[in-house]
Every structure is written in C-alpha cells, then in structure tokens.
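Below is one structure, written out as structure tokens; the observations come after it.
Residue indices begin at 1 and follow the sequence shown.
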Amino acid sequence: MCQEKNNIIFCTCSEKKIGASESLNDYSWSLSKYLGRKETSLRGKIVIPKKDLGNGITVENILMLLNSNVKSFDFDYEPTERDSLRIEIPHPTERMRYFRVKYFNGEWTEGGNNIFTSITENIAEGKIKKRTHNNGNRCTSP
C-alpha cells in the first residue's frame with residue numbers, strides 16, 4: 001500500500017500503465033491558466049460549489065495535497081499565479097457537484113477566477129485516481 005498520506009493523483013491518463021491505481025468513480029478535473037481580464041456585459045447564475053464531493057474529495061483535503069510536496073499531477077507542472085483547478089462529479093439529483101481552487105500568492109486557496117470576466121486557457125484535464133501502492137507518483141488507467 002502507498003505510505004503517503006495523500007494518495008490522490010490528477011491523472012491525464014495519457015501515459016501507458018505504470019504501477020497501480022483505481023479510478024474514484026467519475027470524478028473529473030480541469031486545470032486552467034489565467035490569461036487576463038475581459039470586459040463583458042454577460043451575467044448569469046452559477047451553481048454554488050460544494051466543499052465535500054465524497055470519497056475524501058473535499059476542498060480541505062485537495063488544498064492540503066496541492067500545498068504539500070507530494071507530486072499531484074501525472075505530468076510536469078509548476079503552478080503560476082491564478083491557475084485554477086476545477087473538480088467535479090455528476091450527481092443524480094443536482095445539476096452538478098463541483099468546487100474550484102486557485103493558486104494565489106504562492107499557495108492554493110479555495111475559490112476560482114470569475115468565469116464571466118476571466119480569459120483562461122486549458123492546461124490539462126482528466127480523472128482523479130487513487131494510488132493503490134507507491135508507483136512513482138504516476139497513475140494508470142483503470
């Protein structure tokens with residue numbers, strides 16, 4: 001078994017099988033880079049983010065993981081100011097369940113960039129995996 005306290009990895013699943021891991025249901029993630037601000041008159045409602053998506057996928061746990069020295073992604077990545085990570089899972093009775101965290105002033109914090117006024121670019125996306133034993137911080141497809 002993996003000896004690390006945080007055994008979750010954000011997997012793009014683009015690499016061949018290395019080690020062992022299991023998928024955590026249908027949890028997906030997307031990582032985006034902040035490019036700037038745009039002027040818009042577009043307004044709307046957003047679905048209120050949750051703090052706990054189940055299976056240990058909570059804002060608190062993800063922030064602890066991202067702010068630790070444990071490699072969290074299966075690709076080389078160094079966060080830059082205002083990068084944003086969105087984690088979501090489909091839900092049978094709610095439209096969606098999600099939360100976002102943002103890299104701000106040298107650490108990951110709860111929240112995200114304004115979706116109506118931010119220009120962003122997708123960095124990567126994939127599924128959340130749980131390491132079943134130490135595998136060099138890489139994930140595998142289920």
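- Put simply, W108 and Y27 are part of the same group of oily side chains (I, L, V, M, F, W, Y) that touch within less than 4.5 Å, one to the next.
- With rounding to the nearest 0.5 Å, the separation of CD in E125 from OG in S32 is 10.5 Å.
- Closest non-hydrogen pair, G112 versus S84, comes out as CA-OG, 4.1 Å.
- In terms of modelled atom types and a separation under 3.5 Å, the side chain of T109 and the main chain of K102 share a donor-acceptor contact.
- E110 and R100 are not joined by a salt bridge, as no carboxylate oxygen comes within less than 4.0 angstrom of a charged side-chain nitrogen.
- Cluster annotation: L85 and F75 are assigned to the same hydrophobic cluster (Ile/Leu/Val/Met/Phe/Trp/Tyr, side-chain heavy-atom contacts under 4.5 Å, transitive).
- Distance alone, capped at 3.5 Å, places no donor-acceptor pair between the S118 side chain and the T120 backbone.
- Around CD of E81, the count of heavy atoms belonging to other residues, nucleotides or ligands within 6.0 Å exceeds 12.
- Judged by distance alone, with hydrogens and angles left aside, the side-chain atoms of D26 form no donor-acceptor pair with the main-chain N or O of P90 at under 3.5 Å.
- Summarising the geometry, atom CD1 belonging to I119 is positioned 6.5 Å from atom NZ belonging to K38; distances are rounded to the nearest 0.5 Å.
- Geometrically, R86 engages Y98 in a cation-pi contact, judged by NZ or CZ lying under 6.0 Å from the ring centre and within 45° of the ring axis.
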Q.
Is there a side chain to side chain contact (heavy atoms under 4.5 Å, CB included) between R97 and I48? Walk through the geometry before answering.
A. CA-CA 8 Å; R97 295 183 65 133; I48 303 298; over 6 Å; no

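- Linking Ile, Leu, Val, Met, Phe, Trp and Tyr whenever their side-chain heavy atoms come within less than 4.5 Å puts Y103 and I123 in one cluster.
- I115 and L35 fall into different hydrophobic clusters, where Ile, Leu, Val, Met, Phe, Trp and Tyr are joined by side-chain heavy atoms under 4.5 Å apart, directly or via other members.
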Q: Begin from the C-alpha positions of I87 and L53 and carry the test side chain to side chain contact (heavy atoms under 4.5 Å, CB included) through to its verdict.
A: CA-CA 9 Å; I87 299 173; L53 302 181; 3.8 Å; yes

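- When every heavy atom of N122 is checked against every heavy atom of S30, the shortest pair comes out as OD1-CB, 4.3 Å.
- Nearest heavy-atom pair, F10 versus L66, reported as atom, atom and distance to 0.1 Å: CE1-CD2, 4.0 Å.
- For the pair S72 and I9, the tightest heavy-atom approach, listed with the atom from each and the gap, is O-CG1, 3.3 Å.
- Pairing each heavy atom of K33 with each of T80, the nearest pair is NZ-OG1, 2.8 Å.
- Follow the hydrophobic side-chain contacts under 4.5 Å out from F73 and you reach I57 in the same cluster.
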(Q) Run the side chain to side chain contact (heavy atoms under 4.5 Å, CB included) test on F104 and D83 for me, step by step, so that the C-alpha distance in whole Å, both residues' side-chain angles and the decisive distance to 0.1 Å come before the verdict. (A) CA-CA 8 Å; F104 190 69; D83 281 359; over 6 Å; no

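- Judged by distance alone, the side chain of N67 and the main-chain N or O of M64 form no donor-acceptor pair under 3.5 Å.
- The CZ atom of F99 sits 11.0 Å away from atom CD of E88, with the distance rounded to the nearest 0.5 Å.
- For the atom pair S28 OG and I128 CD1, the distance stands at 7.5 Å (nearest 0.5 Å).
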